[in-house]
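Small disclaimer: the values here were computed from a predicted structure and weren't measured. Each chain gets a letter, A, B and so on, in the order its sequence line appears, and its residues count up from 1. Scope of the values below: all heavy atoms of this structure, side chains included, with no hydrogens, waters or symmetry mates.
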Amino acid sequence: MDKKEIVNVLERISVLLELKGSNPFRTRAYQNAARALEASSISIGGDISAKELEKIKGIGSRIAEQIQALARDDDLDLLRELAEDIPPGVIDLLKIPTLGPKKIKYLYQTLKIENISELELACEENRLSGLPNFGPKTQENILKGIQSVKKYSGSFLYADIYKQAVEVLENIKSHKLVQKADLAGSIRRKKEIIRDIDMVAATDKPQQVMDFFLSLEQVSDVIARGASKSSIKLNTGIDVDIRAVSPLQYPYALHHFTGSKEHNTAMRSMAKKKRIKINEYGLFKNGTLIGCKDEKDFFNVFKMEYIPPELRENYGEIEAAKEGRLPKLVKKQDIKGIFHIHTDFSDGSMTMLQACSYLKGLGMQYAGITEHSKTAAYARGLKEAGIEEYFKEIEKVEKTLEDFTIFKGIESDILPEGELDYSDDILDEFDFVIIAIHSHFNMQEKKMTDRIITAIKNRHSTMLGHPTGRILLARDPYKVDIARVIDKASEYGVDLEINANPHRLDLDWRMVKYAKNKEVKIFINPDAHHLENLNDYMYGVDIARKGWLEAKDVANTMDRHKMRKYLKEKRSR
DNA sequence: GCCGTTTTCGGCCCGACTGTTTTCAGTCG
């Protein structure tokens, strides 16, 4: 089993233990271990040593052994035993809001409810109402929850809901009693998938702000209404939570509601050792508030650097902030040029001139045009005969634009055996080559990994495009040992792409950090087919930041002269 | 199950809201 699968197993054990009602701290130990393993840069092979694993904080002797067993045999007695006790459908019940492990366990034991459909039927037949601690309201809420899960997946793409979030936020800000308001939660942390929108408002009259919030025209349902905290469902299906606090409490509340839960837990635990209590209202030493005017002050109380929201995942940011070694995260302004652009030469809708003029208008210095290669017939991939015309067009457009460089590129398919689909002679003519998988997704992991590594070894390869092939909320990544791919990319001097298309955001930020540790450079590319997609590179910058990247880690922060030299050196390796 | 400036046992983050109760457990973030 590879690292990612082992992380999944540990998370699964945690969920199963929770459903069994085991010691909650044991449950959390597995969760923590999963995160710790995921965040570590350790490489997992069949011969991984327990000692090596135990060095990771959060992994003790017992779990180290279990990870060893998983890496070696793909098997674990504990998991098998737990899975025998609990049918797979029961785990799905956790997706239903208002339903947690305790209630699920009870329903499973008393009513033998094993999946969502059975639960729905039981609610409709009024079998829940009347059970101890279950009343008519609970039953109704569960039914509502099931409908919501069925109708919406319960998850949303960041790009799809960001606008709605800002719209609601602007509404809140417009209220005369609101002094300050910000987005918080996963959207502020720039997670690729968002389950709900969180915001915090500073006001001296929380009740009036709550009333205003609940009366917004986008509200389709009120989930909770409290004196300082409320939740609503928007008519687009996503929930919004808002918290109103006094202006004095605002920085603490903003930190609290930005999370993540794991970051907060670790911060509180750390604070507690210094006899400081953290809650959403403040930092308290012996019951006395430690004043902070903003989040920067907040971290400063613990002699920590300010931790940007993107990094607050308890992936090592707390230790790094204490030691003053947080990265200076890459910014949108650092990006000097854009690669991975499809024009109407293959399956794009814009002309080359439109794309490049637009980028120049954004202040960019260069573009790397990449049409699909010939195997991608569905996308009108370039046949050998069309390449000369393609180059001529590039040269023509380049001449019309002053101080702007266009690099001649191709997105070359990686064929099933790992070969590229043009001859060496032809590949030699391009300034750069993005290698990528577009077919034969269903391969065994080893075969897929070897296929990609074979392509990485090709001296023409500049970078690996959308490295795992995932489509968020739609298609799983193909089976690939991405850590091994990154190791080989590092060895052979091939870069990796963060595909910034909001449906992809591939490479995943967790692995971006891994790539950084392996000194693999990253290109942030929009994979644009339409003019408006060219701006998507900004989502890629968010992901790069979330993966701890600095400007020097991102290839397309180079100016156009350095980039030309860089690409040339890559070709001659 | 993990961990240690309260160290090898005894803790393990903190609070709001809901729905069920009649003082609180469960869920959520």
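For A:Lys57, the side-chain atoms get nearest to B:dG4 when compared with the rest of B:dA16, B:dG4, B:dG26. Picking from B:dC2, B:dC12, B:dG26 the nucleotide with the shortest atom distance to the side chain of A:Phe25 gives B:dC12. Between B:dA16, B:dC14, B:dC17, one nucleotide has an atom nearer to the side chain of A:Lys277 than all others, and that is B:dC14. Listed nucleotides: B:dG26, B:dG1, B:dG15. Nearest to the side chain of A:Ile63: B:dG1. The side chain of A:Arg243 sits closest to B:dA16 out of B:dG19, B:dT27, B:dA16. Nearest nucleotide to the A:Arg225 side chain, out of B:dG1, B:dT18, B:dG29: B:dT18. Out of B:dC2, B:dG29, B:dT6, the shortest distance to the side chain of A:Arg275 is found at B:dT6.
Using a 4.0 Å heavy-atom distance criterion, A:Phe257 is classed as making no nucleic acid contact. Among the heavy atoms of the strands lying under 4.0 Å from A:Lys137 are primed sugar atoms or P, OP1, OP2 only; no base atom is included. Across all strands shown, A:Pro24 has no heavy atoms under 4.0 Å from either base or sugar-phosphate atoms.
At the phosphate of B:dC2, neither OP1 nor OP2 sits under 4.0 Å from any side-chain N or O atom of A:Tyr30. An OP1 or OP2 oxygen of B:dT18 is reached within less than 4.0 angstrom by no side-chain nitrogen or oxygen of A:Lys229. Checking the phosphate oxygens (OP1, OP2) of B:dC17, a side-chain nitrogen or oxygen of A:Ser228 falls inside 4.0 Å. Between A:Asn141 and B:dG19, a side-chain N or O to OP1/OP2 separation shorter than 4.0 Å is present. Proximity of A:Lys272 to the phosphate of B:dC14: a side-chain N or O atom is located under 4.0 Å from OP1 or OP2.
Where A:Pro97 and A:Gly60 each meet DNA chain B at their nearest nucleotide, the meeting point lying more 5' is that of A:Gly60. Toward the 5′ end of DNA chain B lies the nearest nucleotide of A:Asn279, the other residue of the pair A:Asn279 and A:Leu94 mapping further downstream.
Taking atom P in both B:dT6 and B:dC14, one finds a spacing of 16 Å when rounded to whole Å. Comparing B:dT22 with B:dG29, their C1' atoms sit 28 Å apart, to the nearest whole Å. Between B:dG11 and B:dA16, the distance separating the two C1' atoms is 25 Å to the nearest Å. For the C1' atoms, the distance from B:dG15 to B:dC9 is 29 Å, rounded to whole Å. Nucleotides B:dA25 and B:dT20, compared at atom C1', are 9 Å apart to the nearest Å.
A donor atom on one side chain and an acceptor atom on the other are found under 3.5 Å apart for A:Asp241 and A:Ser231. A side-chain donor from one of A:Thr468 and A:Asp506 sits under 3.5 Å from a side-chain acceptor of the other. Side-chain contact annotation: A:Arg188 with A:Thr258, donor-acceptor N/O pair under 3.5 Å present.
A salt bridge between A:Arg189 and A:Glu313 is present, with a side-chain N of the basic residue lying under 4.0 Å from a carboxylate O of the acidic one.
Per the geometry, CD1 belonging to A:Ile59 stands 14 Å off C1' belonging to B:dC3, to the nearest Å. Between the CG atom of A:Asp196 and the P atom of B:dT27 there is a distance of 18 Å, rounded to whole Å. Atom CZ of A:Arg62 and atom C1' of B:dG1 are 9 Å apart (whole Å). Atom-to-atom, NZ of A:Lys103 to P of B:dT21 comes out at 11 Å; the value is rounded to the nearest Å. When rounded to the nearest whole Å, the span between NZ of A:Lys274 and P of B:dT6 equals 10 Å. Note: CD1 (A:Ile96) to P (B:dT18) measures 20 Å, nearest angstrom.
A side-chain contact (heavy atoms from CB on, under 4.5 Å) with A:Asp196 is found for exactly one of A:Asp239, A:Ile223, A:Ile161, namely A:Asp239. Tested against A:Tyr315 for a ring-ring contact (aromatic ring centres under 6.0 Å, His included), the candidates A:Tyr514, A:Trp548, A:Trp509 yield a single pass: A:Trp509.
Across the strands present, B:dT8 finds no partner; the criterion is a Watson-Crick or G-U wobble pair with both atom distances under 3.5 angstrom.
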Steps toward side chain to side chain contact (heavy atoms under 4.5 Å, CB included) verdict (A:Leu53, A:Ile44): CA-CA 9 Å; A:Leu53 287 162; A:Ile44 302 273; 4.1 Å; yes
